[in-house]
S.K.: 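A single structure is presented below for examination.
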Protein chains: 2
Amino acid sequence: MSRQVPPDIAGRLPAALHLFLDQGLDGTRVDAIVAATGIPKATLYYHFDSKEAIFAFLLRELLDELAEAVDAAKRGRGTARERLVAVIEAIVGAMAANPTSCLVLLSNLSRAGRMPEIAGSVQAAFHAPVEELLVEGSRDGSLRATGPATASAVFGAVVLVSLHHLIMTGDIPVRATVDSVGSLLLHGLATGAAEGTDG
Amino acid sequence: MSRQVPPDIAGRLPAALHLFLDQGLDGTRVDAIVAATGIPKATLYYHFDSKEAIFAFLLRELLDELAEAVDAAKRGRGTARERLVAVIEAIVGAMAANPTSCLVLLSNLSRAGRMPEIAGSVQAAFHAPVEELLVEGSRDGSLRATGPATASAVFGAVVLVSLHHLIMTGDIPVRATVDSVGSLLLHGLATGAAEGTDG
DNA sequence: GCTCGGTTTAGACTGCCGGTCTAACCGTTC
DNA sequence: GAACGGTTAGACCGGCAGTCTAAACCGAGC
């Protein structure tokens with residue numbers, strides 16, 4: 001299919017996001033999407049192959065926007081360390097700006113991960129840039145050298161903190177979140193006190 | 001229903017885990033569970049209300065085991081900081097010991113989150129202990145004082161790193177993983193170099 | 001104002017699959 | 001041997017994703 005989705009359809013689709021959020025992709029009936037968006041079923045299936053394609057379309061928009069913001073932050077000036085903080089800010093900022101889509105994405109990551117197109121975008125938008133910055137940082141001396149798995153840790157910390165705020169209060173205090181997760185990731189939790197088991 | 005599941009049934013059910021892993025809960029057909037476990041459909045529905053209940057049963061076993069390991073680590077001796085590392089080790093160790101169940105849990109977190117029983121267990125097994133240790137740590141001076149969202153960051157970092165290893169190589173090098181994520185969380189990524197924007 | 005392409009739509013229909021129901025069957029206990 | 005809890009096959013039901021048909025609709029070009 002991959003026909004181009006006309007603007008008025010694309011504009012109405014986001015009304016279905018909260019359905020996906022509440023019921024998940026499989027739990028959301030197509031009739032409910034019809035009711036929520038006002039787009040008749042036959043029209044929906046004229047433009048999309050499946051319910052899943054509708055879902056993917058909505059996430060694509062988010063991921064494209066996000067990838068761009070992250071990429072811009074990554075290509076900015078400053079040390080790798082400074083740009084890493086900028087990337088974190090871009091991620092948190094994007095989540096704050098699109099809370100519903102982000103919640104849908106994250107709370108359906110499993111399902112999304114099984115859609116190659118989406119999985120690839122997530123990888124490209126989140127992991128790859130962070131991983132590259134970590135490598136750069138160990139070259140320019142602004143960050144400790146670490147293995148590739150560390151990018152996952154950074155990703156996990158940033159995303160879960162944002163998710164925590166979204167779930168608890170419904171919105172993300174961007175400044176405070178970036179400061180606290182940034183300082184956690186850069187300086188850690190330890191005080192000057194007794195050294196323990198740490199490699 | 002909540003009848004008690006007889007041992008031979010319980011023993012055969014894990015054979016369905018890889019189905020849930022590959023196809024997700026909704027994507028797994030009951031007939032496939034029947035084929036994988038050798039338990040006839042009627043018997044399955046004699047013991048369980050639904051496919052979802054089977055799924056929940058499998059995760060329960062994992063979560064109970066995990067909650068116990070984490071709790072033991074948390075109640076050990078030493079500073080809060082040392083016990084935090086022990087808790088991280090318990091989590092990583094449990095994931096390494098039950099890779100399939102863990103993958104199923106994490107890659108269906110969305111779905112699991114909509115099952116109150118499971119969501120509660122995850123909260124109790126992971127978040128609560130970490131959160132408490134962070135508070136203790138700021139009291140005994142072994143950890144910096146941080147907000148409640150920090151527990152989510154720790155959780156995210158630990159779980160995503162483990163997940164990374166599981167997906168990449170199929171198993172988790174426990175020692176190395178605990179060391180690297182432990183040192184990330186305790187000491188951070190920063191080198192002594194140029195101080196940037198960090199609260 | 002007619003035709004022609006793409007778009008929109010209603011509504012009936014198909015097929016898959018989760019879950020139910022029935023009724024038989026089996027082993028144990030009293 | 002009657003009663004009971006568990007086990008099983010197989011027919012069945014209902015809900016829902018996705019298809020099909022065929023009729024409008026609508027703008028562009030002549």
Side-chain angles (χ1 to χ4, degrees), chain A residues 1-60 104 108 110-112 114-118, chain B residues 1-60 104 108 110-112 114-118:
Chain A
M1 198 107 358
S2 67
R3 232 180 288 269
Q4 194 191 325
V5 182
D8 61 315
I9 303 274
R12 292 169 116 169
L13 278 178
L17 278 172
H18 76 276
L19 296 171
F20 290 132
L21 181 55
D22 293 343
Q23 326 274 334
L25 169 51
D26 295 296
T28 299
R29 296 189 294 307
V30 172
D31 286 345
I33 300 177
V34 170
T37 61
I39 307 168
K41 191 165 150 181
T43 307
L44 237 24
Y45 277 98
Y46 180 76
H47 291 289
F48 297 98
D49 281 338
S50 60
K51 187 169 63 165
E52 186 176 299
I54 298 170
F55 181 79
F57 173 80
L58 286 169
L59 292 188
R60 264 242 78 77
V104 169
N108 287 279
S110 48
R111 207 65 174 57
R114 246 171 276 124
M115 309 177 201
E117 187 201 352
I118 301 295
Chain B
M1 198 109 0
S2 68
R3 234 180 286 269
Q4 192 189 324
V5 181
D8 61 314
I9 304 274
R12 291 168 118 168
L13 276 178
L17 277 173
H18 76 274
L19 297 172
F20 289 133
L21 181 55
D22 294 342
Q23 326 276 332
L25 170 51
D26 295 296
T28 299
R29 298 188 293 310
V30 171
D31 287 344
I33 300 178
V34 169
T37 61
I39 308 169
K41 191 166 151 181
T43 307
L44 237 24
Y45 278 98
Y46 180 76
H47 292 289
F48 298 98
D49 282 339
S50 60
K51 187 168 63 164
E52 186 176 301
I54 298 171
F55 181 79
F57 173 80
L58 286 168
L59 293 188
R60 264 242 78 77
V104 169
N108 287 279
S110 48
R111 210 62 175 58
R114 246 171 275 125
M115 307 177 201
E117 188 200 351
I118 301 294

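What you see is a predicted model; the values in this text were computed from it and never measured. Only this structure's heavy atoms are used, side chains among them; waters, hydrogens and symmetry mates stay out.
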S.K.: Looking only at heavy atoms, what is the nearest atom pair of B/Gln23 and A/Arg114, with distance?
M.R.: O-NH1, 3.3 Å

S.K.: Identify, between B/Ile39 and A/Ala42, the residue whose nearest nucleotide on DNA chain D lies closer to the 5' end.
M.R.: B/Ile39

S.K.: Nearest-Å distance, CG (A/Asp26) to P (C/dC17)?
M.R.: 13 Å

S.K.: Between D/dA17, D/dT7, C/dG18, which one does the side chain of B/Pro6 approach most closely?
M.R.: D/dT7

S.K.: If you take all heavy atoms of A/Asn108 and A/Phe20, which pair is closest and at what distance?
M.R.: ND2-O, 3.8 Å

S.K.: Indicate, yes or no, whether a donor-acceptor pair under 3.5 Å links the base of D/dG18 to the side chain of A/Lys51.
M.R.: no

S.K.: Starting from the C-alpha separation in whole Å, work towards a yes-or-no answer on side chain to side chain contact (heavy atoms under 4.5 Å, CB included) for B/Phe55 and B/Ile118.
M.R.: CA-CA 10 Å; B/Phe55 181 79; B/Ile118 301 294; over 6 Å; no

S.K.: Closer than 4.0 Å, any side-chain N/O of A/Tyr46 to the OP1 or OP2 of C/dT8?
M.R.: no

S.K.: B/Tyr45 has an atom OH; how far is it from atom C1' of D/dG10, in whole Å?
M.R.: 15 Å

S.K.: Roughly how many Å is it from CZ in B/Phe20 to P in C/dG18, rounded to a whole number?
M.R.: 10 Å

S.K.: To the nearest Å, how far apart are A/Lys41 NZ and D/dT21 C1'?
M.R.: 15 Å

S.K.: What is the distance, rounded to the nearest whole Å, between atom CG of B/Leu44 and atom C1' of C/dC21?
M.R.: 17 Å

S.K.: Using whole Å, what does the distance between atom P of nucleotide C/dC17 and atom CG of B/Leu25 come to?
M.R.: 15 Å

S.K.: Quick one: A/Phe48 CZ to D/dA17 P, roughly how many Å, whole number?
M.R.: 16 Å

S.K.: Calculate the interatomic distance between A/Asp31 atom CG and C/dA12 atom P; express it in whole Å.
M.R.: 14 Å

S.K.: Measuring only between side-chain heavy atoms, which start at C-beta, is A/Ile54 closer than 4.5 Å to A/Leu44?
M.R.: yes

